[in-house]
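Reading through the structure tokens given below for one structure.
Model, not experiment: these values are computed from the prediction.
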There are 2 protein chains.
Amino acid sequence: MGNTKGKIAEVSLALFNEYGIANVSQRMIAERAGISPGNLTYHFKRREEIVHELYRQLVEKINARLDTRLVGTVSLSVLFTITTSMIAILYEYRFFMLDFVHVMKGHPEIKAHHKTLSLTRENQFFELISQLVSNGTMRPERLPDEYKFLYMRLSILLDFWISSAAVSETDITKDTLDLYGQMILQSLFPYLTPQGETEYTSLYQPV
Amino acid sequence: MGNTKGKIAEVSLALFNEYGIANVSQRMIAERAGISPGNLTYHFKRREEIVHELYRQLVEKINARLDTRLVGTVSLSVLFTITTSMIAILYEYRFFMLDFVHVMKGHPEIKAHHKTLSLTRENQFFELISQLVSNGTMRPERLPDEYKFLYMRLSILLDFWISSAAVSETDITKDTLDLYGQMILQSLFPYLTPQGETEYTSLYQPV
DNA sequence: ATAACAATAGTACATTTGTCCTAATTATTT
DNA sequence: AAATAATTAGGACAAATGTACTATTGTTAT
């Protein structure tokens, strides 16, 4: 039959998102996929391989979205669309974020890959910031390491807003994603110049 | 012998912090506590009761620390000491934060209690902010819900800085706690008035 | 001192889980 | 068409886990 491996990944994602990795057994996955447990081990010899496959999908999606956005003029709106895209993608693979610590602890390859990814992401961020500063959109640093700390905060917020929402919200809708996106992006507002503020508000009051 | 129940809680905390709740079996706890598995079930009939007991300890410690700090004049330094205290206590019970989502999902009583706790914490925060504003330490809101979003960010950072540190740092020392404390508190800096900024910098360059 | 109770040890049991194995079936190649 | 490989089903197995049960030891009260 067509693509059993893909089907397994698909239902695994759904189950992981719903119940959390630890609460999903291979038998559950097999049943939901309509295949036998033996067939599952045929396609994924070890349980971790399923998680790893989904991680590959996630990274691929993120890269695809980032590459198309990161060329061209640097402005606040670029940061906005990047963040909004990231939020949507991360939500699609939310079980990773909900189980972030355990995944990283139990999957050294994923952890290693994520580390290098974080580094390039950090460099891209500082690149962007320095351009926004010379741009007149953001003000220069007024404290030592001020933008290093800002980056730390942004990455924590991006990595864990889903966990926070999972705890405090009853269910997560499109509105929730917008709310958390706005919450994260507003971190930037107090660092903007008057010119930057104008751009910021225009992005939230379009037309 | 003396206090077996306390001993169980003590070694459970250590084991949970080291390996994560899900990776600690009752047999591990019993062995480390130097008692039999049967004796463990005698003191804690269900596994969740251990977690619940530790949660009680955590809440008690937080309350004890908050009550002594929250009286008297309102200033930035109050916020600083509160945050620093919270960071230290949360780190002591870090397994909660590292497993936040799962604990909340699997322990409805803890979730319910945490919800009411969050509400009062939020109210206290807005109380404090409004005093700091009329104080001349912080500037008024310049965007709708600006301080609501600031609170959201602060609580996410407080709840998940440990998870972030666990992923990116190899080991967490006293310096790490200071670093993350500074990172969190610097969220406030750009909302300060010139007067508030003076107070802020004086708190980081004491004497 | 003896009865009543609390604490502890040790083991048993049912369940669940990841993984493996073998046989059957289907698809592909020659 | 025959042979070879890929895929699937179904069950087996060992390991681990939470919890229950029984017997024994220690403590306290009368």
Review point. Listed by chain and number, what are the ring-ring contact (aromatic ring centres under 6.0 Å, His included) partners of B/F160, not counting sequence neighbours?
Key: A/F160, B/F100
Report each atom pair, protein N/O against N/O of nucleotides 10-15 of chain C, whose distance is under 3.5 angstrom.
residue: C/dA12; atom: N6; partner: B/R27; partner atom: NH2; Å: 3.3

Judged by modelled atom types alone, do [X] and [Y] share a side-chain donor-acceptor pair under 3.5 Å?
X: A/Q57; Y: A/Y93; value: yes
X: A/Y55; Y: A/H107; value: no
X: B/E146; Y: B/Y151; value: no

Practice item. Give the stems involving DNA chain D, where a stem is 3 or more consecutive Watson-Crick or G-U wobble pairs (i with j, i+1 with j-1, and so on) under 3.5 Å. Key: C:1-30 with D:1-30
Practice item. Ignoring hydrogens and angles, tell me if any N or O in the side chain of B/N3 forms a donor-acceptor pair with the backbone of B/G6 under 3.5 Å. Key: yes
Exercise for review: Would you confirm whether A/T137, through its side chain, and A/V133, through its main-chain N or O, come within 3.5 Å as a donor-acceptor pair?
Suggested key: no
Separation of [N] [atom2] from [X] [atom1] (nearest whole Å):
X: A/E31; N: D/dA9; atom1: CD; atom2: P; result: 13 Å
X: A/M28; N: C/dG18; atom1: CE; atom2: P; result: 10 Å
X: B/Q26; N: D/dA20; atom1: CD; atom2: C1'; result: 12 Å

Any non-hydrogen side-chain atom of [X] less than 4.5 Å from a side-chain atom of [Y]?
X: B/N39; Y: B/F44; value: no
X: B/S163; Y: A/M104; value: no
X: A/R153; Y: B/S187; value: yes
X: B/W161; Y: B/Y91; value: yes

Review point. Between residues 6-24 of chain B and DNA chain C, which residues have a heavy-atom gap below 4.0 Å?
Key: none
Check your understanding: Going by heavy atoms closer than 4.0 Å, what residues in residues 42-52 of chain A are next to DNA chain C?
Key -> A/R46, A/R47
Exercise for review: Report the relative orientation of the aromatic rings in B/F16 and B/F95; use parallel for angles under 30°, tilted for 30 to 60°, perpendicular for over 60°.
Suggested key: tilted
Point to revise | Residue pairs involving residues 31-54 of chain B (criterion salt bridge (Lys or Arg N to Asp or Glu O under 4.0 Å); sequence neighbours excluded) | key: B/E18-B/R32, B/E53-B/R56
**Study point:** A/E122 and A/K148 ion-paired at < 4.0 Å
**Key:** no
